[in-house]
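Working notes, beginning with the structure itself.
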Number of protein chains: 2
Amino acid sequence: MNSNPANPANPNGQGAAGEGVSAVSPAASPTFSPLYQQIKGLITQSLESGEWKPGEIIPSEVELAARFKVSQGTVRKAIDELAADNLLVRRQGKGTFVATHNEERAQFRFLRLLADDGAEHPHVSRLLECRRLRASAEIARQLDLKPADPVVLIKRLLQFDGEVTVLDEIWLPGAVFRGLTLERLSEYQGPLYAMFETEFGTRMIRATEKIRAVAAEPSVAELLHVPGGFPLLSVERVSYTYGDRPVEVRRGWYVTTGYYYQNELS
Amino acid sequence: MNSNPANPANPNGQGAAGEGVSAVSPAASPTFSPLYQQIKGLITQSLESGEWKPGEIIPSEVELAARFKVSQGTVRKAIDELAADNLLVRRQGKGTFVATHNEERAQFRFLRLLADDGAEHPHVSRLLECRRLRASAEIARQLDLKPADPVVLIKRLLQFDGEVTVLDEIWLPGAVFRGLTLERLSEYQGPLYAMFETEFGTRMIRATEKIRAVAAEPSVAELLHVPGGFPLLSVERVSYTYGDRPVEVRRGWYVTTGYYYQNELS
DNA sequence: GAGTGGTCTAGACCACATA
DNA sequence: ATGTGGTCTAGACCACTCG
């Protein structure tokens, strides 16, 4: 950040078209941060603080411009980038909304397993367990916790069109997901990320995955109805929320006969 | 496209600020295409036709604005999107350049296999063969050719830090890659896509991948120095050039012990 | 018709690179 | 000093949505 974080009076001011505002240009700021980036930060803060909740509409561009004392074009550019990052969703004629996992037209953003025939195989989740325990060194490292900090472990199966296809082990920081039980999980329907968002106020923004081919170990093989040693896709995901804070580690084993992991390189 | 494809006189004209240009607004165009999209198309044409070649600089924004008879802001938005699509690269103070696979700071854009330790293991290619044959039904379909059309097949191994890690089978349309031989391949050094670009005028823009876990078949296992049945990552890639025309099918088998396929979900 | 996002323009000035 | 992309502003008008 540069200066004027809260109520900018045009720091690196390049002045309005025909006005005499802010004839600054001091030492040619060494750490230059454009105004719209600062606005972006301010909007992100409001998202993080819950001033505008997932699914809700945010103030119009003109309102925000007035609030931040900048031109509409500047908040526009800020919102553009936030929309590109999937934090906001623009809807022409209606307004700008906080992105949500609840009413998203597709969870394909995070589940990229497709059937060979391209059909729309609906997937259902079968919960296996949900318990609280202390983080291993590895999980603690990935979740940015201290070893032996409390975590929640969820195990579940995903069935695609009746076929058992995915086994997931999901680790969550216990402090954030207080009160998460198997009962509560089973009551809720819909994507896990939607539940995390509405029930625990934690919204997944982005994730990284490490993908490998592995041989099925006996316990995994049994759950997935494949012989031991069967080749499985191992997907280790770390999900992040605002401020790039990790909030989930998910280890998945995918059966990729009849299904494949779809990826786009661009 | 809307109208005025070549030398626009502001079709859906919303007129300059204080001028009397193009007071149109006819039947409220049913298929509305913004000006900057049309400009984007015109620039893409120039890229495709080779008017500006990979690595070269393109005309400045003001020049293009004059050429297309639009404001600088409009060509700016067009270039912005083309840069986001990795067709152009902006460099402040210098100009805008046509993207190239030659001097790219990283080919990580297309090779996403990383070592567990995160180190910079240099990879070297070992060519196995390069022959011309007739497309199978499947390959023809994927390359949008007619069955039995001529294709080129390249097989190669990739070694990471000495270890054999990847086996690739690469299919190319024979008509485009005329004169591609094993000798020519071995002479060239650097990424294949760089060679395709400079030697055959075909630039890869984007690709899709289907990823699976499979058991190594005997012939593959032998080449990769793993036992038969060993779990391998199967990566089937289709690459596209301008106009979303497919120009490569690449089937890869990756050994993912000590390495993983890195992916970002956002 | 009023409000919202989307497009387009024109002009000023800043940051960066190069000569 | 000049030219290039990058930021910021102000204002006009268009496309879309909804009451």
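In what follows, chains carry the letters A, B, and so on, assigned in the order in which the sequence lines appear, proteins first and then strands, with residues in each chain numbered from 1. What you see is a predicted model; the values in this text were computed from it and never measured.
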Discussion item. Just to verify, which of A:K40, A:R90, A:R76 counts as forming a salt bridge (Lys or Arg N to Asp or Glu O under 4.0 Å) with A:E81?
Written reply: A:K40

Discussion item. Among C:dG5, D:dG5, C:dT9, which nucleotide has an atom closest to any side-chain atom of A:E61?
Written reply: C:dG5

Discussion item. For a quick test of reading the model: is some side-chain N or O of B:K77 closer than 4.0 Å to OP1 or OP2 of C:dT7?
Written reply: yes

Worksheet entry | B:F110-B:H101 aromatic ring centre distance below 6.0 Å | yes

Worksheet, complete the sentence: In whole angstroms, the gap separating P of D:dA15 from OH of B:Y36 amounts to 14 Å

Discussion item. I want to check one thing: is the phosphate of C:dG5, taken as OP1 and OP2, less than 4.0 Å away from some side-chain N or O of A:T96?
Written reply: yes

Item to complete: Measure from CG on B:D80 to C1' on C:dC8 and round the result to the nearest Å.
Response: 15 Å

Worksheet item: To 10°, what angle do the rotation axes through the five end pairs on each side of the helix from C:dG1-D:dC18 to C:dT18-D:dA1 form?
Response: 10°

Practice prompt. Check the distance between C:dT7's P and B:I79's CD1 and give it to me in whole angstrom.
Written response: 17 Å

Can you check nucleotides 1-3 of chain D for protein contacts, nitrogen or oxygen pairs under 3.5 Å, and list what you find?
unit_1 : atom_1 : unit_2 : atom_2 : d
D:dG3  : N2     : B:G93  : O      : 2.8

Worksheet item: Do any side-chain nitrogens or oxygens of A:R90 fall under 4.0 Å of OP1 or OP2 in C:dG6?
Response: yes

Discussion item. Just the rounded figure in Å: distance from C1' of D:dT9 to CZ of A:F68.
Written reply: 17 Å

Worksheet item: A:T74 or B:V62: which one's nearest nucleotide on DNA chain D is closer to the 5' end?
Response: B:V62

Practice prompt. Identify which nucleotide among C:dT7, D:dT9, C:dT9 has an atom closest to any side-chain atom of B:P34, counting heavy atoms from C-beta outward.
Written response: C:dT7

Practice prompt. Could you pull out all residues at least two apart from B:S186 that satisfy side chain to side chain contact (heavy atoms under 4.5 Å, CB included)?
Written response: B:L127

Practice prompt. Output all residues satisfying salt bridge (Lys or Arg N to Asp or Glu O under 4.0 Å) with A:E48, sequence neighbours left out; order by chain, then residue number.
Written response: A:R245

Worksheet entry | Separation of atom CD in B:Q72 from atom P in D:dG5, rounded to whole Å | 8 Å

Worksheet item: C:dT4 P sits how many Å from A:I58 CD1, rounded?
Response: 12 Å

Worksheet entry | Atom-to-atom span, CZ of A:R91 to C1' of D:dT17 - whole angstrom | 12 Å

Worksheet entry | Short N-O contact, A:R237 and A:E209, less than 4.0 angstrom | yes

Item to complete: Look at B:R109 together with A:E264 and state whether they make a salt bridge at an N to O cut-off of under 4.0 Å.
Response: no

Worksheet item: For B:Y242 and B:Q45, does a side-chain donor sit closer than 3.5 Å to a side-chain acceptor?
Response: no

Worksheet item: Listed by chain and number, what are the side chain to side chain contact (heavy atoms under 4.5 Å, CB included) partners of A:K53, not counting sequence neighbours?
Response: A:E56

Worksheet item: Taking only residues two or more places apart in sequence, or in another chain, which ones meet B:V166 in a side chain to side chain contact (heavy atoms under 4.5 Å, CB included)?
Response: B:L113, B:L158, B:F160, B:D168, B:Y254

Worksheet item: CZ of B:R76 versus P of C:dG11: gap in Å, rounded?
Response: 17 Å

